[in-house]
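Here is the structure we will look at, set down as structure tokens.
Only a predicted model underlies this, so the values are computations on that prediction, with no experimental measurement involved. Letters A, B, ... are given to chains in the order of the sequence lines, protein chains preceding strands, and every chain is numbered from 1.
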Protein chains: 2
Amino acid sequence: MKLITRNTDYSIRALIHIARNKDRIVSTTELVKELGVPRPFLRKILQLLSINGILKSYKGKNGGFKLAKDPEQIYLLTLMETFQGKFKLTECLFKKKICPNQISCKLRAQLDSLEELVENKIKEITLAQLSI
Amino acid sequence: MKLITRNTDYSIRALIHIARNKDRIVSTTELVKELGVPRPFLRKILQLLSINGILKSYKGKNGGFKLAKDPEQIYLLTLMETFQGKFKLTECLFKKKICPNQISCKLRAQLDSLEELVENKIKEITLAQLSI
DNA sequence: GACAAATGATACTATTAATGTATCATAATG
DNA sequence: CATTATGATACATTAATAGTATCATTTGTC
Ligand code: FES
Ligand code: FES
């Protein structure tokens, strides 16, 4: 299963490097060297982080990215939702339509409680903890 | 994200119906009517359950399936592993190769602890609880 | 001002995993 | 021995993930 997809994963690694060098601007070129990740893919990821206010971008020569917030305020959950959409362990898959049994479904009840558990855990993980 | 894929999901629903009728043989035809799931796909699923000792099959006319164990002994975790492979929230995705940082990686540590939490929860869910 | 080096915007392609089909063989019942 | 069921297995489709490509725009430096 994929709790974390590759774009989220790459974003974390990129942010860790940026966090560790947070008084200067870090370019995509540097990150590609550091992480060994495909450049166009990483660019797309960095752009999204920038659009979502997690990174601040600097255009032009010597440009690149800096953190837009403190690492303590960058949450894993936010990153996951940025790249993977709203956190949801499993939708009701039954017949692809919205399920009429949601309320009575025992499986759903179990999954919902599990989901809450996981979400609360992920909510607490910040970039600060990962980059130290 | 997909904690539970469709074949696991269908298998649960099929098992619930079989459990509720556990003194008789239930055929694929009946299950298709009951669940409205594509027949060939359901057949594949039932075969797998049978191979894995969760269902007992009866060939020939009036054939079909019965539970091979008590509902109390059929675990959600087992079903998930039957259809989705060994339970693992997220592998290290880094560079598609086995990661050399496993031990020092902070993200890995967090995910591992989360994984344990989830796995323990799922381990406790049985068909009995879902079919009542 | 021209050039180089960076990101912005966006459309496209490829790969992989999930989902679903089809077919023929084999067994049991009446 | 025909009918109705599962067994085995190969194939096809769809959707999600992962990755590329291209051109525009901004900025620093000579
Ligand atoms: S059947 Fe839809 S939520 Fe369970
Ligand atoms: S980088 Fe591989 S486990 Fe974290």
Euclidean distance, atom [atom1] of residue [X] to atom [atom2] of [N] [Å, nearest integer]:
X: B:L42; N: C:dA22; atom1: CG; atom2: P; result: 16 Å
X: A:D9; N: D:dG19; atom1: CG; atom2: C1'; result: 15 Å
X: B:I4; N: C:dT19; atom1: CD1; atom2: C1'; result: 17 Å
X: B:F83; N: C:dA17; atom1: CZ; atom2: C1'; result: 16 Å
X: A:F41; N: C:dT16; atom1: CZ; atom2: C1'; result: 13 Å

Of the residues in residues 53-62 of chain A, which ones touch DNA chain C at a heavy-atom distance under 4.0 Å?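 Nucleic-acid contacts, sorted: A:S57, A:Y58, A:K59, A:G60, A:K61.
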side-chain hydrogen bond (donor to acceptor under 3.5 Å, both in side chains) partners for B:Q84, two or more places apart: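 For B:Q84, the residues satisfying side-chain hydrogen bond (donor to acceptor under 3.5 Å, both in side chains) (neighbours in sequence not counted) are B:T5, B:T8.
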Restricting to side-chain hydrogen bond (donor to acceptor under 3.5 Å, both in side chains), what partner residues turn up for A:D112, sequence neighbours left out?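 A:D112 satisfies side-chain hydrogen bond (donor to acceptor under 3.5 Å, both in side chains) with A:R108 only.
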For B:F87, give me all partners under ring pair (Phe, Tyr, Trp, His ring centres under 6.0 Å), at least two apart in sequence or on another chain. none
Choosing from [options], which nucleotide comes nearest the side chain of [X]?
X: B:R39; options: C:dA9, C:dT21, D:dT6; answer: D:dT6
X: B:K44; options: C:dT7, C:dA9, C:dG20; answer: C:dG20
X: B:T5; options: D:dG7, C:dA9, C:dT19; answer: C:dT19
X: B:K2; options: C:dA9, C:dA18, D:dT9; answer: C:dA18

Side chain to side chain donor-acceptor pair (under 3.5 Å): which pairs involve residues 39-63 of chain B, sequence neighbours left out? B:T29-B:R39
Determine all donor-acceptor pairs shorter than 3.5 Å in which one atom belongs to a side chain in residues 115-123 of chain A; sequence neighbours excluded.
{"from": "A:E115", "atom 1": "OE1", "to": "A:L89", "atom 2": "N", "distance (Å)": "3.0"}
{"from": "A:E115", "atom 1": "OE2", "to": "A:K88", "atom 2": "NZ", "distance (Å)": "3.4"}
{"from": "A:N120", "atom 1": "ND2", "to": "A:E116", "atom 2": "O", "distance (Å)": "3.2"}

Give B:P40 one of three labels, base, sugar-phosphate or nothing, depending on what nucleic acid heavy atoms sit under 4.0 Å from its own. base
Under a 4.0 Å threshold between the charged nitrogen and the carboxylate oxygen, would B:E34 count as salt-bridged to B:R20? no
Is there a donor and acceptor pair, one atom on the side chain of B:R6 and one on the base of C:dG20, closer than 3.5 Å?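 Under the 3.5 Å cut-off, the side chain and the base do not form any donor-acceptor pair.
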